[in-house]
There are 2 protein chains.
Amino acid sequence: MGDANDDLQPPARLRALTSWQASRVSTIGARMTAKYMPLTARSDFAVLAALEEYGALSQADLGRRLGLDRNDVSGIVTRLQTGGHLDRQADPDDRRRNLVTINQAGRRYLEQIQRNADKAQAELLSSLDEDERGQLHALLVKVLEGHKPEPA
Amino acid sequence: MGDANDDLQPPARLRALTSWQASRVSTIGARMTAKYMPLTARSDFAVLAALEEYGALSQADLGRRLGLDRNDVSGIVTRLQTGGHLDRQADPDDRRRNLVTINQAGRRYLEQIQRNADKAQAELLSSLDEDERGQLHALLVKVLEGHKPEPA
DNA sequence: AGTGTTACGTTGGGCAAGCCAACGTTGGAG
DNA sequence: CTCCAACGTTGGCTTGCCCAACGTAACACT
């Protein structure tokens, strides 16, 4: 009978913090994600999506686009290269740079992650209707526009 | 002239993921927070706010309210106890439980964190007006209502 | 020319958060 | 009395974010 006891609310001071709410939404999103794929697929997705949309990029540019540190980009790109999802070559015009390019296997992998991410997203936002999802998206975009995408 | 070059946008696939947006907002919030206090103050704030609003709680109840694992609660409570911000005693009615209570120093500490959190919050949401902040808050609440606050 | 500055990629490490597994203790239900 | 569930604790793993240092390469300056 009474399983209606599950109404434990977080304290009001916490509920009032947008930063805490965002963090909560983020980790719940991570949980949904983990149901469909390993968590590392999230960084893979970010990098591959950038390469697919913008073409060949240096690792530093990748970091700037995605808000990631250079060292973290280095690790992700190495993982993706090991998995055969992208190509890395020295830039002939500037030999300091690594030109990173997505390849065919990478595109397939990207589409696969996209499908799983869509499923996770649907679960995360299940309590919102279409209009509300759009509003939430627009508001988050606006918050992020107020801050440089840079790492640190 | 053109310093307008700072318009590096993240890829559309990423911008479309609410989970990624929330994560981004969360870490930017963490950066704002770090300008005013050590990051650990965030967990302190959560625990103290719960104790202040709901009175004496067991650590397990704290975890359920806040969406934290028991082991993490254990560490936070120990830290707060060491700092003299709360009292921990065995529950006489159920000696498995630790009854945790906020004390006077804890309340002062809580108010101090609250002030800093408000400053960080203002910076985080600087690009939204009052109406928009309210809408964003309401939408995030609605998303979270669709998911149990429990840890995992 | 040579010099200094800057950007790049790499490595290593620290820290916070979330999660899982195990243990001993205690309470309650059968 | 026995079995099961909840509690608190410890230890460990992973991701994400961040800082510092190194060697290489491009660039500016004089």
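These numbers come from the heavy atoms of this one structure, side chains and all, not from hydrogens, waters or symmetry mates. Reminder, nothing fancy here: chain letters follow the sequence lines and each chain counts from 1.
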(Q) Counting only side-chain nitrogens and oxygens, does A:N71 get under 4.0 Å of the OP1 or OP2 atom of C:dG13? (A) no
Q. By side chain to side chain donor-acceptor pair (under 3.5 Å), which residues pair with A:E111, not counting sequence neighbours?
A. B:R13
Q. Ignoring hydrogens and angles, are the base of C:dG9 and the side chain of A:R70 linked by a donor-acceptor pair under 3.5 Å?
A. yes
Q. Does A:Q59 put a side-chain nitrogen or oxygen below 4.0 Å from OP1 or OP2 of C:dT10?
A. yes
Q) Once you round it to whole Å, what is the distance between P of D:dT9 and CZ of B:R97? A) 13 Å
Q: Assign each of A:R79 and B:R88 to its nearest nucleotide of DNA chain D by heavy atoms, then name whichever residue's nucleotide is nearer the 5' end.
A: B:R88
Q) Is B:R64 touching bases, backbone alone, or none of the nucleic acid, heavy atoms closer than 4.0 Å? A) sugar-phosphate
(Q) Under 4.0 Å, counting only non-hydrogen atoms across every strand here, what does A:S43 touch: a base, just sugar-phosphate, or nothing? (A) sugar-phosphate
**Q.** Side-chain donor/acceptor contact of A:D69 with base of D:dG16 under 3.5 Å
**A.** no
Q: Write down the distance between CG (A:D91) and C1' (D:dA25), rounded to a whole number of angstrom.
A: 12 Å
Q) Would you say C:dG9 has OP1 or OP2 under 4.0 Å from some side-chain N or O of A:S74? A) no
Q: Can you tell me the distance, in whole Å, between the CG atom of A:D72 and the P atom of C:dG14?
A: 16 Å
Q: For A:G67 and for A:R95, locate the closest nucleotide of DNA chain D by heavy-atom distance; then report the residue assigned to the nucleotide nearer the 5' terminus.
A: A:G67
